[in-house]
Every structure is written in structure tokens, then in C-alpha cells.
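As C-alpha cells, the structure follows; a few thoughts come after it.
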Amino acid sequence: MIKNDLFLRALKGEVVERPPVWMMRQAGRYLPEFIAIREKYDFFTRCRTPELASEITVQPIRRYGMDAAILFSDILVIPQAMNIEVEMKPGIGPWLPNPVRSQKDVDNVIVPDIDETLGYVMEAIKATKELLNDEIPLIGFAGSPWTILCYCVQGQGSKNFDKAKEFCFTQPVAAHTLLQKITDTTIAYLKEKVKAGVNAVQIFDSWGGMLSPTDYQEFSWQYINQIIEALKDDAPVIAFGKGCWFALEDMANSNASALGVDWTVAPQVARKLTGNKITLQGNFDPVRLLSPTKVIKSMVKEMIDGFGKDKYIVNLGHGILPHIPLDNAKAFIDAVKEYNQ
Ligand SMILES: Cc1c2[nH]c(c1CCC(=O)O)Cc1[nH]c(c(CCC(=O)O)c1C)Cc1[nH]c(c(CCC(=O)O)c1C)Cc1[nH]c(c(C)c1CCC(=O)O)C2
């Protein structure tokens, strides 16, 4: 049904001509056509207006022809729907004026009706599917419960999310109640997204690497695994844990279809830890996109050789940066399309 199904075949672990490629945060601030829309509409207006969200989603595809699109939205629409105020401050990023800090705060957090609170996301998916015209698959996403808790408790971005960790370690009952509410909401949300038309889902555990291996199991992985178990019969699930190489062995034993890895783990090591039994996605250092295009191309080839062309999805190890030159992003995508062993 989908004309270019490289990405879906790689998720199934099938043998492919070349690995598929997309970039985390590909719909973003390095694109002049994105900046033109940003100048006219604030962040959540862009998320809530299906015509804008779908247009932004396909912008990078028109320019570079990636093998998958990812819906323009944000992981923080979930806490918003759960009755937690979230603002996006230009130049600062996420800002939550009333962070969750107590059991009482957790009691005020709701598990919402998805249609009522996040129906606009489903409309954006339908509009995007029309624009994509079954050329390539569409990825839907959510933050991991732990990463969402990080913002809910810290109230903003942070280098170490110390307040979020303090909350988990000093008020574990309240923390687990919050994590379970986020998990339940996320499962219902992702199921609706699949019904609306996304072909795969990715869970972003951007701050999982802030936790020790033991705390990671308790506060992050068990909830991600609940989501994987609930979604596995609906759509392929990609679990991306930034800085979570220490958990790869356990993650490989889950029912995820693929695991996302960052650049701090060598391709061969990631393969060894996962026993070559699961598709891997990653892991180009986003700052490496500032190297000369020739260097980018040879590093991409080396990366593919390292992972092997099968059971592999080429991506960055985290989101693309705003100041990446357009030609450098193109070199990254082209290097994959030109790949032959
Ligand atoms: C932690 C996180 C967030 N959001 C997201 C994550 C997980 C991935 C990661 O770790 O990078 C996920 C996200 N956010 C956005 C997407 C869109 C799809 C894509 O192209 O990948 C996705 C997948 C749009 C966005 N979300 C945001 C922007 C930039 C602001 C703007 O457009 O006005 C975009 C394009 C804002 C945002 N949203 C968030 C932050 C920290 C910020 C501000 C800092 C920043 O810009 O990187 C929270």
C-alpha cells in the first residue's frame, strides 16, 4: 500500500537494498520554510492547526526525500492534555508555570479523554496522510513517561533534571502514581494515532540516560515496556533512549520492533549488546553535521558498514540542530541513498 516501504521492511527485519533514512527533529528550525511559518504562528498554534502541522511535516520530505515522515507535534501535548499548563517560550523552550511537586499535585493530574483533548493531533495525522499520498510511511510519537515526568516536575529543560530525580527518590509513591497516569494516557493516545493513520510509533526517552541502570528499570523502562506491550499488535514500536546503552540488553528482549541509540555507543557494540536480534536506529552525532560534506558522506558509509545494511535505520543520535547548513543535511540523506556495499 505504501510505495516506499523500506522503513517498514527494516522494522520487520527484512533484507533491504539499502537502509532507510530519516532524521529526528527533521521538521524543524534548520529549514527556512519552517522558520517562515514560525514567524507567523506560535508553537502550539502550529501543533493544533492540522493545515500547519501537516505542511511542516512534509517540508523536509519535499526538500530531501527521506524514507519516513514524522508528524510535527511535541511530546508535551500529553501533560497539557493531563491538566498541566505547558508554555513554549521562544529562546527558552518548555516552561511549566505550576510544576508537579507533591502527592496533591499528582492527584490533580487527570487521565484525559483523548478525542476531547488531543483530537487535533488525529486531524493533523489525517491531513498529513493526504499530503503524503502513500508515498512514504508516517511516524507518530510520544515521550517516555519518565521524560514527561522530567518536564512536569522540573518545570523546564535542565542539564541534570535534579528536581525530577529528587521527586522520584523522596516521594516514590507519588512519582509512580504520576508515571502510571502518564503511561495510561500515552497508551490510549498512541492507539488513537495508529487508528488515525500513523504507520509506526516512536517513544522518545530523551532523559533516560540521567538515571542509573537500577533506577532506569524502576522509573523508566518498566513504563516504556507497558506501552510496547499495549501497542505491539497495533503498529511497530521504536524505543529511543538517549544515553541508555547500558539497558540495550534488556530492551532487546522486549517486543519493540527497533531500538534507537545515540553516538556514545559504537555500532558494533550496540549490535553485540542486542545480539543482532533487533533492528537498530541511529546514531550519527548531530554536531557532526557541521563537518565538511565529504567527511559527512564517508562517516555515514562507515556507520552503515558498522551496523550492517539490514535490521538498520539510519538516523541521528538525537535531534538535528538549528544551525545545520542545508547542504550538510542533504549530504547525510544522499550518502544513505548512494550506499552500496
Ligand atoms: C524532549 C523533547 C521535546 N519535544 C520532543 C522531545 C524528544 C526528542 C528530543 O529529545 O529532542 C519531540 C519533538 N518535538 C518536535 C518534534 C517534531 C517532529 C520532528 O521533526 O522530529 C518532535 C518529535 C517539534 C518541536 N518542538 C520544539 C521545537 C522548536 C521550537 C519551535 O518550533 O518554536 C520543535 C520544532 C520545542 C521543544 N520541545 C521540547 C523542547 C525541549 C523544545 C525546545 C528546545 C528545542 O527547540 O529543541 C520537548
Side-chain angles (χ1 to χ4, degrees), residues 1-12 14 16-38 41 43 45-75 77 114-115 118-142 189-204 231 234-238 240 257-258 260 279 281 312-316 319-320 326 329-330 332-334 336-337:
M1 209 185 77
I2 293 197
K3 283 166 211 144
N4 171 355
D5 63 351
L6 266 185
F7 172 75
L8 298 173
R9 280 159 57 207
L11 283 173
K12 284 188 199 142
E14 290 175 12
V16 288
E17 309 81 85
R18 62 158 176 91
V21 58
W22 68 282
M23 295 189 294
M24 289 190 275
R25 299 289 199 99
Q26 64 190 19
R29 299 157 296 170
Y30 67 109
L31 291 177
E33 54 271 38
F34 175 88
I35 292 169
I37 292 186
R38 185 181 62 178
Y41 307 95
F43 184 75
T45 301
R46 277 175 272 148
C47 292
R48 287 189 190 123
T49 312
E51 297 74 34
L52 294 177
S54 57
E55 169 59 24
I56 294 170
T57 302
V58 302
Q59 281 177 343
I61 312 301
R62 281 195 202 115
R63 196 181 262 277
Y64 299 121
M66 291 88 168
D67 298 303
I70 180 160
L71 184 74
F72 176 78
S73 183
D74 201 83
I75 62 169
V77 300
I114 299 299
D115 266 355
L118 293 159
Y120 66 88
V121 179
M122 312 313 149
E123 295 310 313
I125 290 169
K126 289 173 196 159
T128 307
K129 290 295 283 184
E130 281 198 19
L131 288 183
L132 288 175
N133 197 24
D134 286 334
E135 293 289 338
I136 52 169
L138 178 62
I139 304 167
F141 66 90
Y189 174 60
L190 290 176
K191 279 183 176 277
E192 283 303 309
K193 278 180 138 170
V194 175
K195 271 195 216 153
V198 301
N199 304 97
V201 298
Q202 173 154 321
I203 301 163
F204 285 90
L231 265 293
D234 300 69
V237 181
I238 306 168
F240 165 67
S257 290
T279 296
Q281 174 180 280
Y312 177 48
I313 298 163
V314 181
N315 206 317
L316 306 174
I320 189 167
L326 294 169
K330 181 169 166 22
F332 180 77
I333 305 293
D334 286 351
V336 184
K337 294 190 174 175

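Rounded to the nearest 0.5 Å, atoms CG (Asp134) and CG (Asn199) are 8.0 Å apart. Note that CD1 of Ile320 and CD of Gln26 are 9.0 Å apart. Values are rounded to the nearest 0.5 Å. In this structure, Tyr30 OH and Met23 CE are separated by 3.5 Å, a value rounded to the nearest 0.5 Å. To the nearest 0.5 angstrom, Arg38 atom CZ is 11.0 Å from Leu31 atom CG. Taking CD from Glu130 and CG from Leu132, the interatomic distance works out to 10.5 Å, rounded to the nearest 0.5 Å. Atoms CD1 and CG, on Ile136 and Leu6 in that order, are 11.0 Å from each other to the nearest 0.5 Å.
Side chains of Gln59 and Ile37 form a contact here, defined as non-hydrogen atoms less than 4.5 Å apart. No side-chain heavy atom of Ile61 sits under 4.5 Å from any side-chain heavy atom of Leu131. Between Met24 and Phe204 there is a side-chain heavy-atom pair separated by less than 4.5 Å. Within the 4.5 Å cutoff, no side-chain heavy atoms of Asn4 are placed close to those of Glu135. For the pair Leu71/Val198, no side-chain contact is recorded, criterion being any heavy-atom separation below 4.5 Å from C-beta on. The side-chain heavy atoms of Lys126 and Pro50, taken from C-beta on, include no pair separated by under 4.5 Å. Using a 4.5 Å heavy-atom cutoff, the side chains of Phe332 and Leu316 are in contact. The closest side-chain heavy-atom distance from Phe240 to Phe141 is not below 4.5 Å.
No more than 12 heavy atoms of other residues, nucleotides or ligands shown are found within 6.0 angstrom of NZ on Lys330.
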Check against salt bridge (Lys or Arg N to Asp or Glu O under 4.0 Å), Glu55 and Arg46: CA-CA 10 Å; Glu55 169 59 24; Arg46 277 175 272 148; over 6 Å; no

Please test Tyr189 against Val77 for side-chain contact (heavy atoms from CB on, under 4.5 Å), starting from the C-alpha separation and ending with a verdict. CA-CA 10 Å; Tyr189 174 60; Val77 300; 3.6 Å; yes

Test side-chain contact (heavy atoms from CB on, under 4.5 Å) on Leu326 and Tyr64; report intermediate values, then the result. CA-CA 10 Å; Leu326 294 169; Tyr64 299 121; 3.4 Å; yes

Audit row: Tyr41, Thr49, side-chain contact (heavy atoms from CB on, under 4.5 Å) steps and yes/no: CA-CA 10 Å; Tyr41 307 95; Thr49 312; over 6 Å; no

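Remark: the backbone N or O of Val21 is paired with a side-chain donor or acceptor of Asp67 at under 3.5 angstrom. A distance-only check finds no donor-acceptor pair linking the side chain of Lys193 to the backbone of Ala142 [under 3.5 Å]. The backbone N or O of Phe72 lies less than 3.5 Å from a partner atom in the side chain of Thr57, making a donor-acceptor pair.
Listed by chain and number, the residues in a salt bridge (Lys or Arg N to Asp or Glu O under 4.0 Å) with Glu33 are Arg63 (sequence neighbours excluded).
Closest approach of Arg29 and Ile35 over heavy atoms only: O-CD1, 3.3 Å. Scanning all heavy atoms of the two residues, the minimum distance from Tyr312 to Pro20 falls at O-CD, 3.4 Å. Nearest heavy-atom pair, Ala124 versus Ser54, reported as atom, atom and distance to 0.1 Å: O-CB, 4.2 Å. Residues Val237 and Ile203 share a closest heavy-atom pair of CG1-CD1, 3.7 Å. For the pair Gly260 and Ile238, the tightest heavy-atom approach, listed with the atom from each and the gap, is N-CG2, 4.3 Å. The two residues Ile313 and Ala10 make their nearest non-hydrogen contact at CG1-CB, 4.0 Å.
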